[in-house]
Amino acid sequence: MAPEPRMTRTRQLRALLDPGRLDFLLEAHDGLSARIAEEAGFPGIWASGLAISAQLGVRDNNEASWTQVLEVAEFMADATRGPILLDGDTGFGNFNNFRRVVRKLEQRGIAGVCIEDKLFPKTNSFLRGQAQPLAAVEEFCGKIAAGKEAQGDADFVIVARTEALIAGWGLAEAVRRAEAYRQAGADAIIVHSAQSRPDEVLAFLDEWAGRHPVLLIPTKYHATPAEVFAERRVSALIWANHLLRAAIVAMQTTAARIRRDRSVTGVEEAIAPLAEVFRLQGDAELQAAEERFLAAAPRRSAVILAATRGSPALHPLTEQVPKTLLRVGGLSLLDRLCDNLVALNVREIAVVAGYRKEAVRRTGIRRIDNEAWDRTGEVASLALAATQLEGTCVIAFGDLLCRRHLLQALLDDEADLVVAADRRIHREGSEPDRPRDLVKLTAPAPHSFLDAEVTLAGAANSNAFARFDAEWIGLLKCSPDGAARVRDWLDRHRSRPDFDRLAVIDLLAALLAEGAKIKVHLVAGDWISIESAVDLAEASNLSSPGAR
Ligand code: SPV
Ligand code: MG
C-alpha cells in the first residue's frame, strides 16, 4: 500500500489549533535546534524572536532585519518536516510590510506567523513591559486582514498576540483586542502575561469562553500544570526560550572548564560526540545519495611517484623531507599537485613514497610505501600502485609543478594514452646537461603522437637533443583502456631482470614498441620539474596568486 501522503506543514499547524487537545510547541532558533526539537517529538516549533536574535548576538528589539530572521527560519524549515510558527514580532512594519512577510514565509516553508500588537521596533515583553506602547487596534486589525488576504495557502496560520496584559491595560482591554483580532481574521489568539501566577491568563480564558483558539506562552507562570490549561481548552502551550537557555548554560560551563583546565579532555565526556553532530546534520542521507548519484560519475584516479630524495643538488633541502614536500609559495609540491587534481574531480590519489615516507601525510590520499626506493626506479614504484590503474588515471611525478590547465587538457582528451610535452627544449638558457625525457613526434600539432623513439637524455648524450622535438613533462593520462594496458604491461614484465631500474619513459618506449599510440599534448611552459634550488626559485613564479 502506498504510504499516506504527509499532511502539509500548514495543515499540521492548523491541526494544533484544535482546542480539543493541548499540544506543545518548543522554541528553536536555528536549523540544529529545530531538528533537535522535532526529534524530541514536538509536533511544532516556535521560532522565537528572542532566541533567534540572541543566537545572532543581538537584542530582541528588531536589531536583526526581517530578512535575516527569514534566513534563519528557512534553515529551520530545511532541517525539519513539521510546522514552524514564526514569531513575527510586530510584522516588521505596517500592513504592507507584513503581507510581503507572509508571502515570503510561505515560499520558505514556514507554516504560520504570530504578530503582536506593539510598535516597531518592539521590545521583549519581559523588559519594561508596562512602558511598552501598544498599536492602535484598527491599525493592527488592518495588518491581520492584509496578511490573511496575502496568503496563498488557505491553511497558512496567522496568530494575533495581544500585549494588553503586559502593558498593564487590563483584562477588558485584552479581551476587547482579542475579539477585534478574531473578527479581523486571525486564526488564533495569544494573550501574553509576565506574571508568575496564571491568574490574569485564567481570567482571560474564562471571559473568552472558547470563542476562538488560544495559545499561551507560560514562561513566567511555568509552575502551573499543563492540565489547568487543557481543562480550559487551550490549544497549545509555547515553551518559548528553553533550548536557547539550555545552550547558554552548556556553552558557558564548557568554555569555563576548558579555559581553566587548559585542555578539552575534561569536557569530552559531557559534550556531544562528533558522530552525533554528523548524525544531526544528516550525513547518512548524503552518504546514501553519494552512492546513488556519484557512482555514475567516471572514476578518476592518480598515481604520484614521489619515492626519491632528489638530486644531490637538492640534498641540503631534502634532509628531513622527500623532494615532493619541498615548498613553493608556502605549499608543498605534493599539496599543489593534489589540490589541482582534486579540483579536477580526481578523487582517488595514491602517492608512492619512499625516502622519508612518514613525512608524506595528507588527508584523502593513499600512501603506498616503496621500501626499496633507493634501489628501484619509477616503474617499480608505479607497479606497487598497479591497483590504482583503474578508470581514468593520471600518472605524475611528485616533483612536478604545473598549472592546472595542463592537467585539465590531458583529462579532457579522450585518447587512451596522452602525455604532455614541451617543445621548448632548444630554447636559449636550457641546460643541456640536466636529465630530460626527450621525445620525437610523428606529426605536427595539434594531433601529434609519440614517435617510437623516446629517450632519457642526460649529460652523457646531450648531443642527442638536436634529434628530438620535445620534452615529456612527467604527466601521463590513461583512459580506462589505457590504464588497463599499462597494468597489463606491468604484470607481464614484472619479472624482467631490469624491471627495478626502469623509468616511466622506458615504459612509454616499450608501449610504443608494442604498437601503442600515445598522443602528445604540446605545451609551452607553465610547468617545471624541480631538480635544483634554482628550479625552486623559478617555481615560485608559477605558483604566484592566480596562477593555476
Ligand atoms: C519570543 O520568544 O520571542 C516571544 C515570547 O516573543 S516572549 O519572549 O515571552 O516575549
Ligand atoms: Mg518575541
Does some side-chain heavy atom of Leu85 sit less than 4.5 Å from a side-chain heavy atom of Ile45? no
Can you establish whether the number of heavy atoms outside Glu149 located under 6.0 Å from its atom CD is more than 12? no
Rounded to the nearest 0.5 Å, the CG atom of Leu280 sits from the CD1 atom of Ile36 at a distance of 5.0 Å
Salt-bridge present (Arg404, Asp339; N to O < 4.0 Å): no
Please check if atom CZ in Arg211 has more than 12 non-hydrogen atoms from other residues, nucleotides or ligands closer than 6.0 Å. yes
Are His192 and Phe126 an aromatic pair by the rule of ring centers under 6.0 Å? yes
Between the main-chain N or O of Thr80 and the side-chain N or O of Glu38, is there a donor-acceptor pair closer than 3.5 Å? no
Checking side-chain contact (heavy atoms from CB on, under 4.5 Å) between Leu216 and each of Ile190, Val191, Ile189, which is the one that passes? Val191
Determine whether the side chains of Thr67 and Lys104 contain a donor N or O and an acceptor N or O closer than 3.5 Å. no
Tell me whether Arg362 is salt-bridged to Asp335, with the criterion being a basic N under 4.0 Å from an acidic carboxylate O. yes
Does a sphere of radius 6.0 Å around CZ in Phe75 hold more than 12 heavy atoms from other residues, nucleotides or ligands, not counting ones at 6.0 Å or beyond? no
Between the side chains of Thr162 and Asp117, is a donor N or O closer than 3.5 angstrom to an acceptor N or O? yes
Say you draw a straight line from CZ of Arg403 to CD1 of Ile528; how long is it, rounded to the nearest 0.5 Å? 11.0 Å
Just by modelled atom types, is the Gln388 backbone N or O under 3.5 Å from a matching donor or acceptor in the Ser301 side chain? yes
Is atom CZ of Arg103 surrounded by more than 12 heavy atoms (other residues, nucleotides or ligands) closer than 6.0 Å? yes
Any donor-acceptor pair under 3.5 Å from Asp87 side chain to Asp89 backbone: yes
Arg361 side chain vs Glu358 backbone, donor-acceptor pair below 3.5 Å: yes
Working for side chain to side chain contact (heavy atoms under 4.5 Å, CB included), residues Leu401 and Trp527: CA-CA 5 Å; Leu401 178 75; Trp527 68 280; over 6 Å; no
If we ignore angles and hydrogens, is there a donor and acceptor under 3.5 Å between the side chains of Arg35 and Gln281? no
Consider only side-chain N and O atoms of Glu200 and Ser193, and report whether a donor and an acceptor are under 3.5 Å apart. yes
Sorted by chain and residue number, the side chain to side chain contact (heavy atoms under 4.5 Å, CB included) partners of Ala250 (sequence neighbours excluded) come out as none
Please tell me if the side chains of Pro83 and Leu16 come closer than 4.5 Å, counting only heavy atoms from C-beta onward. yes
Determine whether Arg347 and Leu294 satisfy the following criterion, side chain to side chain contact (heavy atoms under 4.5 Å, CB included), listing intermediate values before the conclusion. CA-CA 11 Å; Arg347 287 170 172 257; Leu294 278 185; 4.2 Å; yes
So, are Lys122 and Glu163 salt-bridged, with charged N and O less than 4.0 Å apart? no
Do Asp187 and Lys148 meet the salt-bridge criterion of a basic N to acidic O distance under 4.0 Å? yes
Ignoring hydrogens and angles, state whether a donor on the side chain of Asp153 or Thr10 is under 3.5 Å from an acceptor on the partner side chain. yes
Got a second to check how far Cys402's SG is from Leu337's CG, nearest 0.5 Å? 6.5 Å
For a quick test of reading the model, state the closest non-hydrogen atom pair linking Phe156 to Ala111 and the distance between them. CD1-O, 3.4 Å
May I ask you to decide if Cys393's main-chain N or O and Lys477's side chain share a donor-acceptor pair within less than 3.5 Å? no
Return yes if a side-chain donor-acceptor contact under 3.5 Å exists between Arg14 and Thr8, otherwise no. no
Rounded distance (nearest 0.5 Å) linking atom CG of Leu119 with atom CG of Leu134: 7.5 Å
Atom pair CD (Glu348) and CZ (Arg366), whose distance is rounded to the nearest 0.5 Å: 8.5 Å
If you count the non-hydrogen atoms of other residues, nucleotides and ligands that lie under 6.0 Å from CD in Glu269, is the total more than 12? no
Answer yes if the ring centres of Phe140 and Tyr181 are under 6.0 angstrom apart, and no otherwise. yes
Between Glu276 and Arg279 (salt bridge meaning N to carboxylate O under 4.0 Å), is one present in this structure? yes
Test item: Leu25 and Leu237 side chains (from C-beta on) under 4.5 Å apart, heavy atoms: no
side-chain hydrogen bond (donor to acceptor under 3.5 Å, both in side chains), that's the test. Do Glu179 and Gln183 meet it? Break it down for me. CA-CA 6 Å; Glu179 175 60 19; Gln183 288 187 22; 2.7 Å; yes
Is any side-chain heavy atom of Met76 closer than 4.5 Å to a side-chain heavy atom of His29? no
Does the Lys118 side chain pair with the main chain of Ala167, one donor and one acceptor, at a distance under 3.5 Å? no
Do you know the tightest heavy-atom contact between Ala186 and Ile144? N-CG2, 3.6 Å
Enter the distance from Leu17:CG to Leu215:CG here, rounded to the nearest 0.5 Å. 6.0 Å
Derivation of the side chain to side chain contact (heavy atoms under 4.5 Å, CB included) call for Glu390 and Thr387: CA-CA 7 Å; Glu390 273 277 351; Thr387 55; over 6 Å; no
Would you say Glu27's side chain and Leu244's backbone share a donor-acceptor pair under 3.5 angstrom? yes
Is there a side-chain contact between Glu74 and Ile110 in this structure, where contact means two heavy atoms from C-beta onward sitting under 4.5 Å apart? no
Quick one, Phe98 and Trp66 - any side-chain contact, counting heavy atoms below 4.5 Å? no
When you measure from the side chain of Arg9 to the backbone N and O of Gly82, does any donor-acceptor pair fall under 3.5 Å? yes
Arg367 side chain vs Ala350 backbone, donor-acceptor pair below 3.5 Å: no
Answer whether the closest heavy-atom distance between the side chains of Ile304 and Leu341 falls below 4.5 Å. yes
Indicate the ring-plane relationship of His242 and Trp239, choosing parallel, tilted or perpendicular according to the 30° and 60° boundaries. perpendicular
Tell me, yes or no, whether the heavy-atom count around Arg11 atom CZ, taken from other residues, nucleotides or ligands under 6.0 Å, exceeds 12. no
What I'd like to find out is whether the side chain of Val346 reaches to under 4.5 Å of the side chain of Asn340, using heavy atoms alone. no
Count the heavy atoms of every other residue, nucleotide or ligand shown that sit under 6.0 Å from CZ of Arg100, and state whether that count exceeds 12. no
In sequence, state the C-alpha distance, the side-chain angles, and the governing distance for Thr324 and Leu326, and then conclude on side chain to side chain contact (heavy atoms under 4.5 Å, CB included). CA-CA 6 Å; Thr324 194; Leu326 291 179; over 6 Å; no
Output yes when a side-chain donor or acceptor of Arg108 lies under 3.5 Å from a complementary backbone atom of Asp78, and no otherwise. no
